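Just so it is clear, the structure is predicted and the values come from calculations on it, not from any experiment.
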Amino acid sequence: MKLTRMRTLWLATVPLLAVGAVTAAPMGAASAPTLASPSPAMVAPASPQAQFRHQGSTLTLAVPAAADSPGYTVVVRTSPFQITTKRSGGTVLQTTAGVAGSSGPADFQTASGWATATSVQSSSWHDGVLDLTLATTATGDTVAYRITPQADRYRMTWSVLGTAAATQVASHYLIASAGHWYGQGEAQTPGGGPYTQQPWPLDSGTVRDSTMGPAEYLMTDPFWFTQRGTGLWVNTNDVMDVAMNAIQPGVFGYALTGGKAMDSTVFVERAPREVYQDYIGITGTPAKSDATPAQYAKPLFNSWAQFYTDVTQASTLSWATGLHKAGVPLQAIQVDDGWATHYGDTTFNSKFPDPKALSDQIHAMGYDFGLWDTLWINNDATNYAYAAQHGYLLKSKADPAKPCSVTWWNGVAGIVDLGNPAARAWYVGQLQDLEKTYGVNGFKFDTRFFDESCAPSPGYTALDYLTLGAQMADQFDQQGAGVRISWTGSQKYGFVTRQVDKGTGWNSLQAAVAQTLAISTIGYPFVETDMIGGSMGQTPPTKEVLVRWAQAASLMPLMYSSTSPLGVSTWAGTQTYDQQTVDLYAAAVKTHGLIAPYIDKQVSRAVKTGEPIMKPLFFNYPADQSGYAINDEWLLGDSLLAAPILSNGTTRNIHLPAGKWFDVAHGKVIVGPVDLTGYAADLTQIPTFIRLGTPDSGMLMRAFAQAQQLNAR
């Protein structure tokens with residue numbers, strides 16, 4: 001596999017444009033952390049064999065095939081300016097053409113509005129790079145555009161030259177040129193994404209994220225890959241405006257909203273999985289998984305969807321005791337938002353008169369005890385005045401003499417400045433005091449570590465705060481709730497990734513499944529859905545949604561829970577469940593526990609190679625065209641195919657790729673590729689298939705046989 005080379009991009013070795021050059025953001029002082037930034041540790045060789053030809057209205061760069069690279073051709077049309085990538089004679093990626101507007105191949109914004117590169121004025125092929133000067137629709141402005149080919153990718157660096165200062169730069173591609181599109185992570189959509197909708201593939205919907213960047217709360221990376229084995233990576237720390245079918249139907253594009261130069265790379269491979277591996281060669285693989293085997297085997301129960309902010313000591317104990325007596329396996333009880341006096345304080349409010357007693361009672365049942373926490377300190381918190389007085393808060397970018405003021409979902413706050421060693425020690429010390437005083441075993445960090453309206457500490461960049469946040473959070477057990485840190489290079493931290501809040505209906509369950517695939521395939525393998533049943537303040541889930549969600553989550557790397565299968569009552573509504581709900585929920589958790597040894601093997605593999613644990617069918621079966629549009633099936637490792645019911649009813653259609661598959665629910669062998677129409681699975685069954693003939697087939701056969709025996713009692 002190409003991944004074993006662990007190649008990183010050649011950022012330090014390729015000469016950049018002499019005027020308006022694109023450079024990586026400086027990391028500041030020598031003491032500043034650098035783990036979050038892709039840093040070339042191994043230089044990929046250039047492609048001296050690339051051949052250049054100028055014929056008529058086209059410029060052509062041809063890179064020959066090699067042992068582990070398919071070869072490709074870059075065709076530049078001179079007027080109108082357009083770049084087409086071809087492999088084996090067929091188009092696999094194409095920019096839009098140079099036309100007026102804000103959806104051209106090289107756009108830029110000035111005080112006069114948006115302008116577009118229209119044609120090639122001049123070209124120069126030298127030292128393995130192609131330099132172009134592009135005419136534009138802005139009088140007096142040109143674009144200096146460089147293409148640097150390598151064996152399996154080419155880099156594009158460009159900037160605007162002239163009298164009008166560029167404040168944004170953007171690139172756009174024709175979606176259909178590359179087939180289906182994937183990547184980016186959690187997607188904002190007009191139809192409710194990322195909360196109740198997640199297009200999979202991305203081009204099946206409309207996506208618009210105008211604030212995508214390292215400090216964004218959503219799990220996103222500036223990386224996309226396509227059905228035809230191409231991919232795009234934008235090397236930036238800037239906030240991006242990303243659109244798929246949004247600005248113009250059939251067009252995908254991204255703008256650097258504060259950038260004056262573009263640095264992006266096109267990968268050209270035979271299949272999508274190889275493009276993913278190229279990206280992991282840049283980001284690095286997880287150094288470890290922050291979750292323990294027990295946290296993979298049994299769910300964390302967090303109080304949020306069960307109580308929201310109305311949580312109390314008494315209700316927490318009753319909830320935990322009910323789950324315990326019902327025999328629902330779990331590894332930790334975690335109190336979410338609602339326990340502290342103010343946001344940013346670490347003192348319990350009056351709803352928790354004796355938190356040490358609660359902790360002791362949870363421990364006596366055999367579970368860990370945890371708390372929700374955030375780096376946001378609201379203005380009314382006791383800690384705010386202290387932190388502001390001691391300089392522990394991020395400073396305002398507009399007025400560095402004042403703390404930065406940030407509006408979040410629970411008010412107006414400052415953010416603890418982790419770039420200040422004294423502030424970091426103060427914050428960490430408060431959490432350690434909670435551990436010592438109350439027997440707290442871990443925390444759910446629900447926060448942003450930086451905001452673009454704030455100024456970083458001297459010697460740090462905004463991206464450094466991801467590293468600082470990771471280093472801080474890594475000192476504590478996160479109990480399987482992980483921490484939401486993303487952007488190129490964050491993969492190496494190995495945190496569990498919980499997706500953003502979901503609603504409680506079928507659409508949210510479907511979005512949750514697609515979103516775990518989206519997050520997993522940008523390099524975060526230790527992924528889980530939002531709390532089983534949803535957590536967004538909607539009417540509690542029906543019995544069917546809750547059970548089907550638990551069943552789907554049981555065939556993912558981790559399970560993250562809240563809503564009790566015994567029942568739930570919040571300001572959003574009340575739902576009582578019957579004994580069958582309890583039994584089926586517990587059965588799903590027990591099944592997950594029995595396949596935990598198989599999951600542990602996938603965790604070890606992910607740490608070693610970056611291989612996703614949960615992945616789309618086409619990763620393993622790229623020639624099977626049916627797999628590219630499937631959004632409700634996945635592979636767990638290489639030997640288990642999950643196709644749970646994700647909508648109301650007891651039947652669904654299932655596609656099985658090539659090979660022999662053991663149908664767990666019906667106890668028979670099915671030979672693929674085959675489409676199973678109207679596959680029946682009542683509420684007690686989870687459509688699951690074991691790939692026969694693999695090293696793990698026997699392990700899984702025994703695990704599911706044991707699960708059936710156990711759940712039949």
Side-chain angles (χ1 to χ4, degrees), residues 93-96 99-109 113-114 116 167-226 231-234 236-259 262 264 407-409 448 451-453 484 486-488 499-503 507-508 510-512 514-515 517-519 521-522 530 536 629 631:
L93 185 66
Q94 189 174 48
T95 70
T96 54
V99 294
S102 57
S103 58
D107 294 340
F108 56 97
Q109 188 182 49
W114 281 97
T116 301
T167 56
Q168 296 190 45
V169 289
S171 297
H172 297 87
Y173 291 83
L174 297 174
I175 294 171
S177 68
H180 290 309
W181 289 63
Y182 312 88
Q184 182 169 330
E186 294 175 338
Q188 294 194 53
T189 75
Y195 309 103
T196 59
Q197 185 183 56
Q198 174 76 33
W200 181 276
L202 274 177
D203 57 280
S204 65
T206 299
V207 176
R208 182 72 183 274
D209 188 343
S210 59
T211 57
M212 182 173 145
E216 184 179 39
Y217 185 75
L218 297 184
M219 289 291 299
T220 54
D221 267 33
F223 167 65
W224 297 265
F225 61 98
T226 76
L232 283 164
W233 172 55
V234 184
T236 183
N237 301 337
D238 192 21
V239 174
M240 302 175 70
D241 184 350
V242 176
M244 173 79 71
N245 286 319
I247 295 177
Q248 183 176 330
V251 171
F252 166 72
Y254 44 82
L256 307 187
T257 61
M262 183 71 75
S264 57
T407 300
W408 64 300
W409 60 82
R448 291 174 67 177
D451 189 276
E452 286 85 0
S453 65
R484 293 173 57 82
S486 61
W487 212 251
T488 306
Q499 62 183 218
V500 75
D501 293 20
K502 294 290 172 293
N507 60 341
S508 291
Q510 293 157 9
Q515 207 164 89
L517 285 170
I519 296 169
T521 53
I522 58 171
D530 181 36
M536 212 167 64
N631 62 3

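Of the N and O atoms on the side chains of Gln188 and Asp209, at least one donor lies less than 3.5 Å from an acceptor on the other residue. Ser453 and Asp451 share a side-chain donor-acceptor pair at under 3.5 Å. Using modelled atom types and a 3.5 Å distance limit, the side chains of Gln197 and Thr189 yield a donor-acceptor pair. Side-chain contact of Trp233 with Ser264: a donor-acceptor pair under 3.5 Å is absent, judged by distance alone. Using modelled atom types and a 3.5 Å distance limit, the side chains of Gln248 and Ser103 yield a donor-acceptor pair. Donor-acceptor pairing under 3.5 Å is lacking for the side chains of Asp241 and Ser210.
Checked by atom type and distance alone, the side chain of Gln109 never pairs as donor or acceptor with a backbone atom of Val169 at under 3.5 Å. The backbone N or O of Gly193 sits nowhere less than 3.5 Å from a side-chain atom of Gln515 that would complete a donor-acceptor pair. Without hydrogens or angle criteria, Arg208 side chain to Ala243 main chain gives no donor-acceptor distance under 3.5 Å.
Tyr173 is not listed as a side-chain neighbour of Pro105, based on a closest heavy-atom distance of 4.5 Å or more. Within the 4.5 Å cutoff, the side chain of Met212 has no heavy atoms near those of the Val239 side chain. Counting heavy atoms from C-beta on, the side chains of Gln499 and Ile519 come closer than 4.5 Å. Between Gln184 and Met244 the shortest side-chain heavy-atom distance does not fall below 4.5 Å. Side-chain atoms of Leu93 and Leu174, non-hydrogen and from C-beta on, never get closer than 4.5 Å to each other. In this structure, the side chains of Met536 and Asp530 stay at 4.5 Å or more apart for every pair of heavy atoms. Between Tyr217 and Val500, some side-chain heavy-atom pair lies under the 4.5 Å cut-off. Counting heavy atoms from C-beta on, the side chains of Gln168 and Asp107 never come closer than 4.5 Å.
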Quiz item: Can you check ring-ring contact (aromatic ring centres under 6.0 Å, His included) on Tyr254 and Trp224, steps first, answer last?
Solution: CA-CA 11 Å; Tyr254 44 82; Trp224 297 265; 5.7 Å; yes
Self-check item: Stepwise side-chain contact (heavy atoms from CB on, under 4.5 Å) check, Thr211 with Glu452
Solution: CA-CA 10 Å; Thr211 57; Glu452 286 85 0; over 6 Å; no
Practice problem: Would you check, one step at a time, whether the test side-chain contact (heavy atoms from CB on, under 4.5 Å) holds for Leu202 with Ile175? | Solution: CA-CA 10 Å; Leu202 274 177; Ile175 294 171; over 6 Å; no
Exercise. Begin from the C-alpha positions of Thr116 and Phe108 and carry the test side-chain contact (heavy atoms from CB on, under 4.5 Å) through to its verdict.
Key: CA-CA 6 Å; Thr116 301; Phe108 56 97; over 6 Å; no
Practice problem: Verify ring-ring contact (aromatic ring centres under 6.0 Å, His included) between Trp200 and Tyr182, making sure each step is shown before the conclusion. | Solution: CA-CA 7 Å; Trp200 181 276; Tyr182 312 88; 5.0 Å; yes
Self-check item: Intermediate values then yes/no, ring-ring contact (aromatic ring centres under 6.0 Å, His included), Phe252 and Trp181
Solution: CA-CA 9 Å; Phe252 166 72; Trp181 289 63; 5.0 Å; yes
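Note that CG of Leu256 and CG of Asp238 are 5.0 Å apart. Values are rounded to the nearest 0.5 Å. In this structure, OG on Ser486 lies 4.5 Å from CE on Met219, to the nearest 0.5 angstrom. Note: Asn507 CG to Thr196 OG1 = 5.0 Å, rounded to the nearest 0.5 Å. Distance CG/Asn631 to OG/Ser204: 7.0 Å, rounded to 0.5 Å.
The minimum heavy-atom distance between Met240 and Pro222, with the atom names listed, is SD-CB, 3.8 Å. Summarising the geometry of Ser171 relative to Met262, their closest heavy-atom pair is OG-CE, 3.8 Å, with the distance given to 0.1 Å. The two residues Ala187 and Pro199 come nearest to each other via the heavy atoms CB-CD, 4.3 Å. The nearest pair of heavy atoms linking His172 to Gly104 is ND1-O, 2.9 Å.
Residue Tyr195 places its OH atom among 12 or fewer non-hydrogen atoms of other residues, nucleotides or ligands, all under 6.0 Å distant.
Between Arg484 and Glu186, at least one side-chain N (NZ, or NE/NH1/NH2) sits under 4.0 Å from a carboxylate O, which counts as a salt bridge.
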